[in-house]
Amino acid sequence: FILILLQSAVIAGCDNDDKNSTMNSSLANLGDFYYSDGTWSSNLNSHKEVIGIVFGISKEKGGEVLPGLTKGQHGRVVALKNINVDGNEWLYWGEYGGNKEVPKLTKHATMDGANYYYFINTDNPSNWQTGAISDWNGAENTLMILKYRGERAASFCHLYGNNDWAVGKPGEWYLPACGEAALIYARREMTMNKFKECNGQWFGSYLWTSTAFDWKTNEGKHDITENLSGSSWTVYFTYGMIAWPTRDCPKPVRPVMAF
């Protein structure tokens, strides 16, 4: 009878271990591999499908990314590759080069509260408190874009995971906000080191963001007119800058998701 009880206890213990092994008992660290089952690890698990790399940590899912945090239960994941449609990675922000405003979309008149375009200060991202670089709401921006216009870059990100060229769950990915894309640039070396282990891809020269340019506030300055009413902020990976090209200029698109 005692032997049976001991055997039952051992079996029950094994069942609990197996059950808990699918859950994250530890906090996610910057640079962790993120898997399709919603788990993560610092060392690559070849038995799981990697869908991205953790590049930011937040206190709650979808909350503001806190650059000072290096580990936590929630954060942001950047996809392994740019979106590729029929062999093309240079995609329009708007539908067929459309350059119209999206109602209620987050807009910023400056990159950092002072400059229309400038180099990203990667030394202390915690100082990104104003301007386009302070926007971390890529998921909300994407849903707003889809609600009013359904533009190409946002739509491709939203559908990421529902195509032959993508992995992950559709609907969870989105077009990153300016702050999120800037943080990806700031932590590009960390991310690229991880990409080497899981067939990830370099970001390219630019990345579109879901943060709009507030042309109205800047009208008349630096030849800014209504022709720029459909502009969005872009992160230039070649130079480490943020600027606001019009949406009818094709640029690479890299999806992001929150966990």
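- Pairing each heavy atom of T130 with each of G113, the nearest pair is OG1-CA, 3.6 Å.
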Review item, side-chain donor-acceptor pairs of residues 138-145, under 3.5 Å, at least two apart:
unit_1: N141; atom_1: OD1; unit_2: T106; atom_2: OG1; d: 3.0
unit_1: N141; atom_1: ND2; unit_2: D135; atom_2: OD2; d: 3.0
unit_1: N141; atom_1: ND2; unit_2: N137; atom_2: O; d: 3.3
unit_1: N141; atom_1: ND2; unit_2: S210; atom_2: OG; d: 3.2
unit_1: T142; atom_1: OG1; unit_2: G138; atom_2: O; d: 2.8
unit_1: T142; atom_1: OG1; unit_2: L175; atom_2: N; d: 3.0
unit_1: T142; atom_1: OG1; unit_2: L175; atom_2: O; d: 3.4

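- Heavy-atom contacts from other residues, nucleotides or ligands closer than 6.0 Å to CG of N88 number more than 12.
- Atom-to-atom distance recorded for Y185:OH and T122:OG1 is 6.5 Å, nearest 0.5 angstrom.
- Looking only at distances, no side-chain donor or acceptor of N29 sits under 3.5 Å from a matching main-chain atom of D32.
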Original post:
What's the verdict on side-chain contact (heavy atoms from CB on, under 4.5 Å) for W93 and V253, showing C-alpha distance, side-chain angles and the deciding distance?
Top reply: CA-CA 9 Å; W93 195 101; V253 177; over 6 Å; no
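- Of the possible donor and acceptor atoms, one in the side chain of T211 sits under 3.5 Å from a partner among the backbone N and O of C178.
- Annotation: side chain of T234 is in contact with side chain of P245 (closest heavy-atom distance under 4.5 Å).
- Of all heavy-atom pairs spanning F33 and V50, the tightest one is CD2-CG1, 4.1 Å.
- Separation of atoms OG (S232) and NZ (K107) is listed at 9.5 Å; rounding is to 0.5 Å.
- With hydrogens and angles ignored, the 3.5 Å screen pairs a side-chain donor or acceptor of Y35 with a backbone N or O of N45.
- Residues Y34 and I53 have side chains not in contact (no heavy-atom distance under 4.5 Å, counting atoms from C-beta outward).
- Follow the hydrophobic side-chain contacts under 4.5 Å out from W90 and you reach F237 in the same cluster.
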**OP:** List the steps, then state whether side-chain contact (heavy atoms from CB on, under 4.5 Å) holds for E89 with I83.
**Re:** CA-CA 6 Å; E89 293 184 7; I83 288 179; over 6 Å; no
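- The CE atom of M190 lies 9.5 Å from the CD1 atom of I184; values are rounded to the nearest 0.5 Å.
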**OP:** Start with the C-alpha gap between K48 and T39, add the side-chain angles, then the distance that decides, and say whether side chain to side chain donor-acceptor pair (under 3.5 Å) holds.
**Re:** CA-CA 9 Å; K48 293 188 176 185; T39 61; 2.9 Å; yes
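- Residues Y92 and P250 approach most closely at CE2-CD, 3.6 Å, considering heavy atoms.
- Around OH of Y236, the count of heavy atoms belonging to other residues, nucleotides or ligands within 6.0 Å exceeds 12.
- A search for salt bridge (Lys or Arg N to Asp or Glu O under 4.0 Å) contacts involving R254 returns nothing, not counting sequence neighbours.
- Under the 4.5 Å side-chain criterion, counting only non-hydrogen atoms from C-beta, Y206 is not in contact with V235.
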**OP:** Let me see the working for I242 and I133 under side-chain contact (heavy atoms from CB on, under 4.5 Å), right down to the final yes or no.
**Re:** CA-CA 8 Å; I242 294 178; I133 203 169; 3.9 Å; yes
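- Between I57 and L66 the shortest side-chain heavy-atom distance does not fall below 4.5 Å.
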Original post:
Which is it for F195 and W202 under the ring pair (Phe, Tyr, Trp, His ring centres under 6.0 Å) test, yes or no, and what are the steps along the way?
Top reply: CA-CA 8 Å; F195 279 174; W202 171 241; 9.0 Å; no
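- Residues passing the side chain to side chain contact (heavy atoms under 4.5 Å, CB included) test with S58, sequence neighbours excluded: H74, R76.
- Hydrophobic clustering (ILVMFWY, side-chain heavy atoms < 4.5 Å, transitive): L159 and L146 are in distinct clusters.
- Closest approach of I120 to M111, counting heavy atoms only: CA-CE, 4.1 Å.
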**OP:** Would you check, one step at a time, whether the test side-chain contact (heavy atoms from CB on, under 4.5 Å) holds for V102 with R247?
**Re:** CA-CA 11 Å; V102 177; R247 295 174 186 154; 4.1 Å; yes
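- Interatomic distance, F213 CZ to W244 CH2, rounded to the nearest 0.5 Å: 5.0 Å.
- For W233 and Y117, the distance between ring centers is not under 6.0 angstrom.
- Taking CD from E64 and OG from S134, the interatomic distance works out to 8.0 Å, rounded to the nearest 0.5 Å.
- Put simply, the side chain of W208 gets close to the backbone of L91: a donor and an acceptor are under 3.5 Å apart.
- Rounded to the nearest 0.5 Å, atoms CE (M257) and SG (C157) are 12.5 Å apart.
- Closest approach of A181 to P176, counting heavy atoms only: N-CB, 4.2 Å.
- Annotation for Y239: atom OH does not count as buried by contact number, only 12 or fewer foreign heavy atoms lying within 6.0 Å.
- F119 places a side-chain heavy atom less than 4.5 Å from the side chain of M241.
- Residues W128 and D112 have side chains not in contact (no heavy-atom distance under 4.5 Å, counting atoms from C-beta outward).
- Of all the heavy atoms in V65 and P67, the pair that sits closest is O-CD, 3.2 Å.
- Ring-centre distance between W40 and F259: below the 6.0 Å cut-off.
- Looking only at distances, no side-chain donor or acceptor of E197 sits under 3.5 Å from a matching main-chain atom of K194.
- Taking 4.5 Å as the limit, every side-chain heavy atom of Q201 sits out of range of all side-chain heavy atoms of L80.
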